[in-house]
Q: 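Quick one: structure below, then a few questions.
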Amino acid sequence: MGYVLMTDLFAHLRMRVLDALHRILPDLPDDIAARVEVSPARDPAHGDMATNAAMVAAKAARRKPADLAAALAEALRDGPEIAEAAAAGPGFVNLRLRAHALHAVLPAILQAGTAYGDGTRGGNLAVNVEYVSANPTGPLHIGHCRGAVVGDALANLLAKTGYAVTKEYYINDAGAQVTALAWAAYWRYLQAIGTALSEEEFAAEVPGGLQYRGEYLIPVGAELAAAHGPALATAGGGIAAPERWIDIVRDHTIAAMMRAVREDLAALGVAQDVFTSERALVETGAADALIERLRGDGLIYEGVLEPPKGKTPDDWEPRPQTLFRATQFGDDVDRPLRKSDGSNTYFTNDIAYHADKIDRGFALLIDVLGADHGGYVSRLKAAVAAVSHGGAALEAVLCQIVHVMRAGQPVRMSKRAGSYVTLRDLIDEVGRDAVRFTMLTRKADAQMEFDLDAVVAQTRDNPVFYVQYAHARCRSVLRAGAEMFSPAATADAALAEVPLDSLTAEPELAVIRRLASWPRTVEAAALAREPHRIAFFLYDLAADFHMLWNRGKDDAALRFLQAGRSGETLARLALVAATAVVIRSGLAVMGVAPVEEMR
RNA sequence: GCGCCCUUAGCUCAGUUGGAUAGAGCAACAGCCUUCUAAGCUGUGGGUCGGUGGUUCGAGUCCACCAGGGCGCGCCA
């Protein structure tokens, strides 16, 4: 067929605009040209697209925006894709495209499949996206869920934009918390072998108290009992001699918790490529080596910090500490690297971890964190700058808290009360796809209400349903089309070859324009690190499609399938098939499975 | 006290990185099923974009200050 396929219609027209602009202004500086955009027309009455080129170039050209716009419109008129170009408003040039240029979007989509929208903007840059990274001290809960979904979708999005992405999980398996976990597991072990102690009697013996009382450790205790019998409680062991059993119990428990974490993540459809252990960084000496490396660079000193102004902790006392010169890299204060017992702070090991990522060749590190870690970001950026000598960048994506609601009432999330919403509970209740989609219906740094009733509602105000319904309708039409013709004649590859001249109705063109803007949406979302934009795009596309569908309710001649008019029908099927492809493509970024039919 | 994030229609939220008359859904009202799925669609009303200044051709978007909300602030992770 005679369609010139292009992977991004907007990028293509931007080239046309720049060509025309350079003919008018041969000396246009590159930095001005870089600001030229071709974007969808806000109002269809303006045409298909608009460019700001005249306005951004006006100053450098010493010409009035409106005059330059008129000249640019003249230069663009009657181009191969452009039917009409007109100056408008303060200096926009509105473009109306020839029908074949818009139509060409469909075969491009049908040939590329879900690769349509893939970009090269990332330039194959090695990016590490770290997310979830929960302590292995219990099952994942809903607080981890948002980070898991946002991180996973962001990684998919960056990969689609041409970055070489590694998905990573940092296991916080060092420090006091996993020791407390080991004590808690030891209690379950004592129960499994039949202890005479009560829980409170045991808790009184635990340094720092018995912290993790959830039932999820009961199986771990049973496993330890099966593997070791009473040996961990006798033979010189027991509560008074934790050094005899603590390593065994801790290792076993962490392994069990991480197994559970991976299962929970798998249930959510998340599977990181790399899991890095904090303990391993400590035990292999990587963390100590890192400190020496920074000391060699003169970035570590022994000093005393000022107490925070206005809010001095009760137990504050000046104390010499091992400090990292974070202030040299833009942080507010230098940061301690050693606790008073001589062990590393969390930050120290985290520097070593980020140094490890840099050493593995990543130029861009993205950490998806809870918003309560917001105050931690500046020191981490300082550390990355110091360790990489400015060669690597760290970005943080902060996820705000999720309030779980049921029937308009908040669901409490307290570990102690036992009404703790685990990730698994959430998935079991509303389904993995609804969880993932819904988590992406808000900007990550905005608080979100997750209404358990709303996300399973089958109405327009539930985007999960609304988008899935649009896809199901596409598939329904295509199944009916395959009956009318044949599966081969209605396959995407065959539909990519059909003439499309009959697609002239405004609602049809609206869908095509939306499909044409998919690549730029992907790129913009990736550059902004905002995967939620994909969800909003799909919602808009679904709305365009439902509108088109309903036209057939008013006028039977406007339905997709027209007996006896195979040319028109095939053209419409191409539009439907392309819509389905882009919905699938967007859902794939979000990690959501498309449905073939609604039940 | 300091730092970061947030404030857009009655409610929940978008706003294409500074573009034209600020948009959706819900709620309210009025319409559309002999049908490729009405689980949908169409229309109407609803706004000093928290406030005040500033930057420029142009500000919801950038800057300064103020008000309100959230998070954080040495040896937790």
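In the text below, chain A, chain B and the rest are named by the order of the sequence lines, each starting its count at 1. Not measured: the values here are computed from a predicted model.
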Q: What's the base orientation of B:U12: syn (chi within 90° of 0) or anti?
A: anti
Q: Identify which one of A:His471, A:Arg475, A:Gln468 satisfies the side-chain hydrogen bond (donor to acceptor under 3.5 Å, both in side chains) criterion when paired with A:Glu596.
A: A:Arg475
Q: Among the candidates B:G74, B:A20, B:C41, find the nucleotide nearest to the side-chain atoms of A:His546.
A: B:C41
Q: Which nucleotide in the set B:C75, B:G15, B:C36 lies at the smallest distance from any side-chain heavy atom of A:His532?
A: B:G15
Q: Using a cut-off of 4.0 Å on non-hydrogen atoms, how would the nucleic acid contact of A:Met547 be classed: base, sugar-phosphate, or nothing?
A: sugar-phosphate
Q: At 4.0 Å (heavy atoms only), tell me whether A:Phe347 reaches a base, stays on the sugar-phosphate, or touches nothing.
A: nothing
Q: Of the options B:A14, B:G74, B:C36, whose atoms approach the side-chain atoms of A:Ala480 most closely?
A: B:C36
Q: Under 4.0 Å, counting only non-hydrogen atoms across every strand here, what does A:Leu527 touch: a base, just sugar-phosphate, or nothing?
A: base
Q: When you get a sec, tell me which of B:G25, B:U16, B:A77 is the closest nucleotide to the side chain of A:Arg460?
A: B:G25
Q: NA contact type, A:Gln447, heavy-atom cut-off 4.0 Å: base, sugar-phosphate, or nothing?
A: sugar-phosphate
Q: Where does B:C13 land, syn or anti, once you apply the within-90°-of-0 test for syn?
A: anti
Q: For a quick check of understanding: with a heavy-atom distance under 4.0 Å over all strands, which category does A:Ala528 fall into, base, sugar-phosphate or nothing?
A: base
Q: Salt-bridge test for A:Glu37 and A:Arg520: reply yes if a basic N is under 4.0 Å from a carboxylate O, no otherwise.
A: no
Q: Touch check for A:Glu317, heavy atoms < 4.0 angstrom, all strands: base, sugar-phosphate only, or nothing?
A: base
Q: Nearest to the side chain of A:Gln321 - B:G74, B:A38, B:G15?
A: B:G74
Q: Does RNA chain B take part in any stems of at least 3 consecutive Watson-Crick or G-U pairs (both distances under 3.5 Å), and if so, which ones?
A: B:1-7 with B:67-73, B:10-13 with B:23-26, B:28-32 with B:40-44, B:50-54 with B:62-66
Q: Check A:Arg146 with A:Asp445, please: is the shortest side-chain N to carboxylate O separation under 4.0 Å?
A: no
Q: Classify the side chain of A:Asp372 versus the base of B:A77 as yes if they form a donor-acceptor pair under 3.5 Å and no if they do not.
A: no
Q: Less than 4.0 Å between a side-chain N and a carboxylate O, is that true for A:Lys357 and A:Glu168?
A: no
Q: Examine B:C41: is either OP1 or OP2 under 4.0 Å from a nitrogen or oxygen in the side chain of A:Arg473? Give yes or no.
A: no
Q: Select base, sugar-phosphate, or nothing to describe what A:Pro90 touches, counting heavy atoms under 4.0 Å on all strands.
A: base
